[in-house]
Structure formats: structure tokens, C-alpha cells
Amino acid sequence: ANTAAPARIETPSLSSGANTITPPTGATACTILPPAGNTTTLTLKGVTGDTGVVLHLTDPTSFGINSAASTFVITASAAITTVRFIWT
């Protein structure tokens, strides 16, 4: 166990369009896990307006977070409530 990590799993409701995500204090990485059978396109962006990177529809995506990064954006093609964010 890493007592310095937030070790948290969240399931935020994402609306259609840009959704600003604020990592919990102490987070150094995030894994985004879409639901099985997902058809909603999710795009990871630094800020709204970026081209971003389209994430796989059902496979997890993990990335490190710089301590200076306070937020990132997930743009969803439709509202979705079953995406999991795993913070480490």
C-alpha cells in the first residue's frame, strides 16, 4: 500500500461534450476504464479546444500526471455514467 497515493476509484457522470476532470490531491496517475460494450467516443485533452487523443472504446487507458497538472479534459460524444477513473 502506498499511503501517499489517493488510491481512489471514481465513477463520474460525463455529459456530452467537454468535461473538466480535477485529479485528487496526491494523484500521480490515472487509469480510465470505459464499460464493456461502450459505444461513446472519449477523447483525452489537456484543455478544451485541443485535438486530443481518442481513447479505445473498451480498453483501459493509463497515464501519469505531472504535479503541475491540475486538470485535464475528457470530451464525450454522448452522456455516459459508467466510466471508471482509477487514481494512483
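Quantities reported herein were computed from a predicted structural model and do not represent experimental measurements.
Asp50 places no side-chain N or O within donor-acceptor distance of the main-chain N or O of Gly52, the cut-off being under 3.5 Å. Checking side-chain atoms of Asn38 against main-chain N and O of Leu57 turns up a donor-acceptor pair under 3.5 Å. Checked by atom type and distance alone, the side chain of Asn19 never pairs as donor or acceptor with a backbone atom of Leu14 at under 3.5 Å.
Counting only heavy atoms from C-beta outward, the side chains of Val83 and Ile32 approach each other to under 4.5 Å. Within the 4.5 Å cutoff, the side chain of Thr28 has no heavy atoms near those of the Ile65 side chain.
Summarising the geometry of Ile9 relative to Arg84, their closest heavy-atom pair is CG2-CD, 4.3 Å, with the distance given to 0.1 Å. Nearest approach of Ala79 to Thr40, heavy atoms of both residues: O-OG1, 4.4 Å. Minimum heavy-atom separation, Ser15 to Ala76: O-CB, 3.7 Å. Counting all heavy atoms, side chain and backbone alike, Ser70 lies closest to Pro23 at O-CD, 3.0 Å.
Separation of atoms CD1 (Ile21) and CD (Glu10) is listed at 8.5 Å; rounding is to 0.5 Å. To the nearest 0.5 Å, atom OG1 of residue Thr61 and atom CG of residue Leu42 are 8.5 Å apart. Expressed to the nearest 0.5 Å, how far CD1 of Ile74 lies from OG1 of Thr41 amounts to 12.0 Å. Interatomic distance, CZ of Phe85 versus SG of Cys30, reported as 5.5 Å (0.5 Å rounding).
Cluster annotation: Leu55 is connected to Trp87 through the hydrophobic network of ILVMFWY side chains, with a link wherever side-chain heavy atoms come within less than 4.5 Å. Ile80 and Leu33 fall into different hydrophobic clusters, where Ile, Leu, Val, Met, Phe, Trp and Tyr residues are linked whenever their side-chain heavy atoms come under 4.5 Å apart, directly or through other members.
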Step-by-step side-chain contact (heavy atoms from CB on, under 4.5 Å) determination, Val54 to Thr43: CA-CA 4 Å; Val54 178; Thr43 306; 3.8 Å; yes
Can you list the steps and then say if Ser62 with Thr31 is a side chain to side chain donor-acceptor pair (under 3.5 Å)? CA-CA 4 Å; Ser62 296; Thr31 297; 2.7 Å; yes
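By the side chain to side chain donor-acceptor pair (under 3.5 Å) test, Thr48 pairs with no residue at all, sequence neighbours left out.
Pairs engaging residues 20-63 under the ring pair (Phe, Tyr, Trp, His ring centres under 6.0 Å) rule: Phe63-Phe72 [sequence neighbours left out].
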